[in-house]
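Data block below; observations after.
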2 protein chains.
Amino acid sequence: MSGSSGASASGVRVPGTRRRTAQHEAVLHELAGSDVFVTAQEVHGRLRAGGSGIGLATVYRALAALAADGELDVRRTEEGETAYRRCSQGHHHHLVCRTCGRTVELDGPAVESWADRVSAQHSFRDTRHTVELVGTCADC
Amino acid sequence: MSGSSGASASGVRVPGTRRRTAQHEAVLHELAGSDVFVTAQEVHGRLRAGGSGIGLATVYRALAALAADGELDVRRTEEGETAYRRCSQGHHHHLVCRTCGRTVELDGPAVESWADRVSAQHSFRDTRHTVELVGTCADC
DNA sequence: GTCATTGCAAACGCTTTGCATCTGT
DNA sequence: ACAGATGCAAAGCGTTTGCAATGAC
């Protein structure tokens, strides 16, 4: 993200500077239907299997750019991989099935206010929070 | 953890089978005073700086073993590294400073009950939750 | 003496990047 | 035409592992 490609001369990515390319569309389309977090490798594999000649690096770059623009949700798997998911919009949390990966989006007003309160109590600024529930769903 | 070392013939680690070695003690001692999550690399660096000849792999193995036995808290940094911290005990959450790494332990009764309720609502079983607040502390 | 543990270096897996080429605008 | 995007292969980085040597019991 800092070499001769992917950013303007200043090195700062300006949202909206992105071009509309087939690869980008393909990546977005791959995420469109799914309700699950997928890794870059998985997206790449599926696109390849689907006949696309897209490169792995391109998938990584596309996912990173989309995530940077807030169009994707990012999460680290327990194995250390980075997984992406199309984010409906706004702030929310997830309940993920550890077996099938099924995801339920959650609203957590109680959690939000708790986080804000605790953060203020300890004089922390710009506090963001990560909340994730991992369990086994009824079907698994 | 699966080769000719680090485990019994069955391949299963039995807690308590661990031998008392200087390296293990050193790693534990390094974590003892600190209130911050540290990575294996950091622990290794400090021990080396302190005159120890401990190997990086040994640090990784020691931390993994300790975490497996529940003596350490594990967390993934946003950069994808694995950070460890001596865990006081019991279930709790953290408010971490993104700059200096200072950590405040939190109790979150509201979060606990919210998690249980939501999990039950969606018929999920054995649901565990991860909650982490990352902000900038007053000193940074 | 036995067997877990250690250290080193090589191997790994995921991710990033340099560079020449291609393509959207 | 120009700047951003792509693909490939190589490099990076944190982590793991094979193996011979070492040390605990």
Side-chain angles (χ1 to χ4, degrees), chain A residues 1-28 37-45 47-48 51-69 72 74-84, chain B residues 1-28 37-45 47-48 51-69 72 74-84:
Chain A
M1 218 60 78
S2 67
S4 58
S5 67
S8 61
S10 68
V12 181
R13 162 167 283 292
V14 180
T17 310
R18 230 184 304 126
R19 277 182 184 166
R20 171 178 296 280
T21 68
Q23 291 84 343
H24 239 87
E25 299 279 292
V27 169
L28 262 180
F37 277 93
V38 288
T39 66
Q41 311 259 2
E42 287 170 343
V43 171
H44 180 242
L47 290 175
R48 285 286 208 177
S52 168
I54 193 170
L56 179 57
T58 302
V59 175
Y60 273 103
R61 285 189 273 232
L63 290 172
L66 289 167
D69 287 1
L72 294 184
V74 192
R75 136 185 136 86
R76 290 263 177 197
T77 69
E78 297 184 5
E79 291 79 40
E81 297 169 293
T82 311
Y84 301 86
Chain B
M1 219 60 79
S2 64
S4 58
S5 68
S8 61
S10 68
V12 181
R13 162 167 284 293
V14 180
T17 310
R18 230 185 303 129
R19 279 181 181 167
R20 171 178 296 279
T21 67
Q23 290 85 344
H24 237 89
E25 299 279 292
V27 170
L28 262 180
F37 276 93
V38 287
T39 66
Q41 310 258 3
E42 287 170 342
V43 170
H44 180 242
L47 290 175
R48 286 285 208 178
S52 169
I54 193 171
L56 179 57
T58 302
V59 175
Y60 273 103
R61 285 189 272 233
L63 289 172
L66 289 166
D69 288 2
L72 294 184
V74 191
R75 146 185 127 84
R76 290 261 176 197
T77 69
E78 297 184 5
E79 292 78 40
E81 298 169 292
T82 312
Y84 300 86

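Only heavy atoms go into these numbers, but all of them, side chains included; no hydrogens, no water, no symmetry mates. Since we're looking at a predicted model, the values are computed, not measured. In what follows, chains are A, B, ... by sequence order, proteins preceding strands, each numbered from 1.
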DNA chain D: B/E81 or B/A22, which has the more 5' nearest nucleotide? B/E81

Could you tell me the separation between the [atom1] atom of [X] and the [atom2] atom of [N], rounded to a whole number of Å?
X: B/E79; N: C/dC14; atom1: CD; atom2: C1'; value: 15 Å
X: A/L66; N: D/dA5; atom1: CG; atom2: C1'; value: 13 Å
X: B/L63; N: D/dT15; atom1: CG; atom2: C1'; value: 12 Å
X: B/E25; N: C/dT5; atom1: CD; atom2: P; value: 13 Å
X: B/R18; N: C/dC3; atom1: CZ; atom2: C1'; value: 17 Å
X: A/D69; N: D/dA5; atom1: CG; atom2: P; value: 10 Å
X: A/R20; N: C/dT25; atom1: CZ; atom2: P; value: 7 Å
X: B/Y84; N: D/dG14; atom1: OH; atom2: C1'; value: 11 Å

To the nearest 10 degrees, what angle separates the axes at the start and end of the helix from C/dG1-D/dC25 to C/dT25-D/dA1, five pairs each? 30°

Between the side chain of B/H44 and the main-chain N/O of B/I54, is any donor-acceptor distance below 3.5 Å? yes

Side chain of [X] only, please: which of [options] is the nearest?
X: A/Y60; options: D/dT16, D/dA5, C/dT16; answer: C/dT16
X: A/R61; options: D/dT15, C/dC3, C/dC19; answer: C/dC19
X: B/A57; options: D/dG14, C/dT5, C/dC8; answer: C/dC8
X: A/R19; options: D/dA5, D/dC25, C/dT6; answer: D/dA5

Are OP1 or OP2 of [N] and a side-chain N or O of [X] less than 4.0 angstrom apart?
X: B/T58; N: C/dG7; answer: yes
X: B/Q23; N: D/dG23; answer: no
X: A/T21; N: D/dT6; answer: yes

Heavy-atom closest pair (A/R76 atom, B/E79 atom, distance to 0.1 Å) is NH2-C, 3.5 Å

Contact summary for B/A26 and B/L47, nearest pair of heavy atoms: O-CD2, 3.9 Å

Name of the residue among B/L72, B/V59, B/V27, B/T39 meeting side chain to side chain contact (heavy atoms under 4.5 Å, CB included) with B/Y84: B/L72

Any chance you could lay out the side chain to side chain contact (heavy atoms under 4.5 Å, CB included) test for A/L66 and A/R18, step after step, and finish with the verdict? CA-CA 9 Å; A/L66 289 167; A/R18 230 184 304 126; 3.5 Å; yes

May I ask you to say what [X] touches in the nucleic acid, namely base, sugar-phosphate or nothing, with a heavy-atom cut-off under 4.0 Å?
X: B/T39; result: nothing
X: B/Q41; result: base
X: A/L56; result: base

Sequence neighbours excluded, the answer for side-chain contact (heavy atoms from CB on, under 4.5 Å) partners of A/R75 is A/F37, A/T77, A/E132

CG on B/L56 to CZ on B/R48, rounded to 0.5 Å: 8.5 Å

Point-to-point distance, once rounded to the nearest 0.5 Å, from NE2 of B/H24 to CZ of B/R61: 11.0 Å

